[in-house]
Asker: 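Shown below is the structure under consideration.
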Number of protein chains: 2
Amino acid sequence: MADLVYQRIITSLKKAIDEGEFSDMRLPDERSLAESYSVSRSSIKRALGLMADQGIIFKKRGSGTFVNPLYVKQGSSFNYSGKNLGITDSFNSKGQKPGVKVLSFDVIHPNKDMQDNLFLKPSEFVYSFKRLRLLDDVPFMIETGYIPIKLAPELSEQIASESIFNYVESELGKEVNKTYLNISAEPSDSEGKELLHLADNEPVGLMEGIFFLDDGTPFEFSTMKLHYKYFKYDSFVDLANK
Amino acid sequence: MADLVYQRIITSLKKAIDEGEFSDMRLPDERSLAESYSVSRSSIKRALGLMADQGIIFKKRGSGTFVNPLYVKQGSSFNYSGKNLGITDSFNSKGQKPGVKVLSFDVIHPNKDMQDNLFLKPSEFVYSFKRLRLLDDVPFMIETGYIPIKLAPELSEQIASESIFNYVESELGKEVNKTYLNISAEPSDSEGKELLHLADNEPVGLMEGIFFLDDGTPFEFSTMKLHYKYFKYDSFVDLANK
DNA sequence: CAGTGGTCTAGACCACTCA
DNA sequence: GAGTGGTCTAGACCACTGG
């Protein structure tokens, strides 16, 4: 991770920003940076481009490159701690103990929707499972998942009670590393009220997603209903990409 | 927009994909593409990289480049129509007539939070306004916004009743093109129930955002409360960016 | 006009996949 | 080992900003 030139530069520039090195919020121009790091301008451009995508800096043609003032701030309501998942990994990141309880685990025929989303023929089977996820023994999310059996023939309730993605990575040698997410919210239904201990007026956050293997195969279709207090998603958006 | 090499290639490849040219879901390798388009491999890499960021294709080192099967599908629950704003622009995009009603418009001192988020001194003033947004005369969003007066000295209730961002672009010659978003959900409060016609159990979607000018200046802090049925956000996420 | 970021090229070498 | 994408370089030229 750290032996790449552009990664090294990103790390170094972040550190310099954190240490208040650019007091006027302006970075040196790309050509100077290339020289002082003894790398090509292309590598500098790559590093700065990634940092701009993350909202750490802003680039303006003809003017220069500037630090996002909010990146430096403490106590801002926004944290720039890297990526903004909202997915499994980030749930663990708050120092709370994650837990999983499998509510059901079956093999079924996919409906039309599922066939489309997972790119399946009607004759193919999928695992269908429902899990309750907890943090420090408090339930916060109901997850309904569908995975084609041909992609994980040995999947079991035992595996579902631990981590499916870890299993895929360690046992099948593949990696789940992309997802298409659809985020919304709804009033809680009876299931949500019961399992997530929600009051009548309290909603759930919905995250519907398709997870892909690294070769692009759709691996899982998942619907995640979250207790609204655990429902949070951060995103830095470039409105210019038309 | 269309005179750039990598844009031309993206357009061309998208068209080819739509027309089913790559029946095995596999694109030619980068070196072949470079030759057939008579451009450098770098330009091909740039085009393919952007397409991968948008989830149109998947690249796998050592294996090749593949079309995302869901990009081709019709009737999938996912649309890949480019960017996934959830912001002002996209609200208009459904062929419905947008409307704005200004509920209040004042100049105030920013509180501590606002000072941090907009990078202000305590002595500086901000415009504070609340707007109700409608689609085909149906209210769907309550927007509370704060803009430093020094960034838009001539702002008025009249302008707020139209489009503030259009005003900034045409009159001030600056552009608002980046935003940091924080998405969540809550039970509706009395204001939401009244203005958005929500029942007791129906929630609002929350989008808190800071909008930036192209040089990185924080321009507006905005809190958007949306009727939950209009609350939707799509996102393609690379889980590998650690 | 000088300075800055944006686009594009041509080519070298590396790292991974799979037959 | 052949084929594929990933990283990096060195340099040319363009487009925009601002004094």
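Computed from heavy atoms alone, side chains included, the values below leave out hydrogens, waters and symmetry copies. Just so we're on the same page: letters track the sequence lines, and every chain starts at 1.
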Asker: As a test of reading the structure: which of dT7(D), dA10(D), dA12(D) is closest to the side chain of Arg41(A), going by heavy atoms?
Answerer: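 Nucleotide nearest to Arg41(A)'s side chain: dA12(D).
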Asker: Please report, rounded to the nearest Å, how far the C1' atom of dA15(D) is from the CG atom of Asp214(B).
Answerer: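 The distance from CG of Asp214(B) to C1' of dA15(D) comes to 15 Å, rounded to the nearest Å.
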Asker: Does any donor atom in the side chain of Asn177(A) or Asp214(A) lie under 3.5 Å from an acceptor atom in the other side chain?
Answerer: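 No donor-acceptor contact under 3.5 Å links the two side chains.
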Asker: Taking for each residue the nucleotide of DNA chain C with the nearest heavy atom, is it Ser42(B) or Pro28(A) whose nucleotide lies nearer the 5' end?
Answerer: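 The residue whose closest nucleotide sits nearer the 5' end is Pro28(A).
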Asker: Rounded off to whole Å, could you give me the CD1-to-P distance for the Ile44(B) and dT7(C) pair?
Answerer: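 Distance check: Ile44(B) CD1 to dT7(C) P gives 16 Å.
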Asker: Which nucleotide in the list dT9(D), dC8(C), dT17(C) gets nearest to the side chain of Ser43(B)?
Answerer: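 Among the listed nucleotides, the one closest to the side chain of Ser43(B) is dC8(C).
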Asker: Looking at the base of dG3(C), is there any donor atom on it, or on the side chain of Arg61(A), that sits under 3.5 Å from an acceptor on the other one?
Answerer: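 Absent.
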Asker: Can you tell me if the side-chain N/O atoms of Ser63(A) get under 4.0 Å from OP1 or OP2 in dG3(C)?
Answerer: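 For dG3(C), neither OP1 nor OP2 has a side-chain N or O of Ser63(A) closer than 4.0 Å.
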Asker: Looking only at the side chain of Glu30(A) (C-beta and beyond, no hydrogens), which of the listed nucleotides dT7(D), dG5(D), dG6(C) gets closest?
Answerer: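 It is dG6(C).
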Asker: Does the side chain of Ser235(B) pick up a donor-acceptor pair with the side chain of Tyr180(A) at under 3.5 Å?
Answerer: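 There is no such pair between these side chains.
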Asker: By side chain to side chain donor-acceptor pair (under 3.5 Å), which residues pair with Thr11(B), not counting sequence neighbours?
Answerer: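 Side chain to side chain donor-acceptor pair (under 3.5 Å) list for Thr11(B), sorted by chain: empty.
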Asker: Quickly work out the Ile9(B) CD1 to dT7(C) C1' distance and round it to whole Å.
Answerer: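 For the pair Ile9(B) CD1 and dT7(C) C1', the rounded distance is 12 Å.
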Asker: Which of the following nucleotides, dT17(D), dT9(C), dG5(D), is nearest to the side chain of Lys45(B)?
Answerer: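 For Lys45(B), the side-chain atoms sit closest to dG5(D).
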Asker: Mark yes or no for a side-chain to base donor-acceptor pair under 3.5 Å between Arg31(A) and dG11(D), with no hydrogen or angle criteria applied.
Answerer: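 No, no donor-acceptor pair under 3.5 Å.
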Asker: Checking Tyr146(B) against Ser222(B): is there a side-chain donor and acceptor pair closer than 3.5 Å?
Answerer: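 Absent: no donor and acceptor within the cut-off.
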Asker: Just compare dG6(D), dC13(D), dA15(D) and give me whichever is closest to any side-chain atom of Lys59(B).
Answerer: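 For Lys59(B), the side-chain atoms sit closest to dG6(D).
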Asker: Choose from dT4(C), dT4(D), dG6(C) the nucleotide whose nearest atom is closest to any side-chain atom of Asp29(B).
Answerer: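 The nucleotide sitting nearest to the side chain is dT4(D).
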Asker: Separation of Glu175(A) atom CD from dT17(C) atom C1', in whole Å?
Answerer: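 Value for this atom pair: 15 Å.
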Asker: Does Phe219(A) have its ring centroid less than 6.0 Å away from the ring centroid of Phe212(A)?
Answerer: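 Ring-ring flag for Phe219(A)/Phe212(A): false, centres at least 6.0 Å apart.
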Asker: Compare side-chain N and O positions of Tyr6(A) against OP1 and OP2 of dC8(D) and report whether any pair is under 4.0 Å apart.
Answerer: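 No, because none of the side-chain N or O atoms of Tyr6(A) sits under 4.0 Å from OP1 or OP2 of dC8(D).
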Asker: Taking for each residue the nucleotide of DNA chain D bearing the nearest heavy atom, is the 5' side occupied by Val39(A) or by Leu27(B)?
Answerer: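 Checking each residue's closest nucleotide, the 5'-ward one belongs to Leu27(B).
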Asker: What is the separation between atom CZ on Arg46(B) and atom P on dG6(C), rounded to the nearest whole Å?
Answerer: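 Rounded to the whole Å, the gap is 9 Å.
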Asker: On the nucleotide dT9(D), are OP1 or OP2 found under 4.0 Å from the side-chain N or O atoms that Ser40(A) carries?
Answerer: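 Yes.
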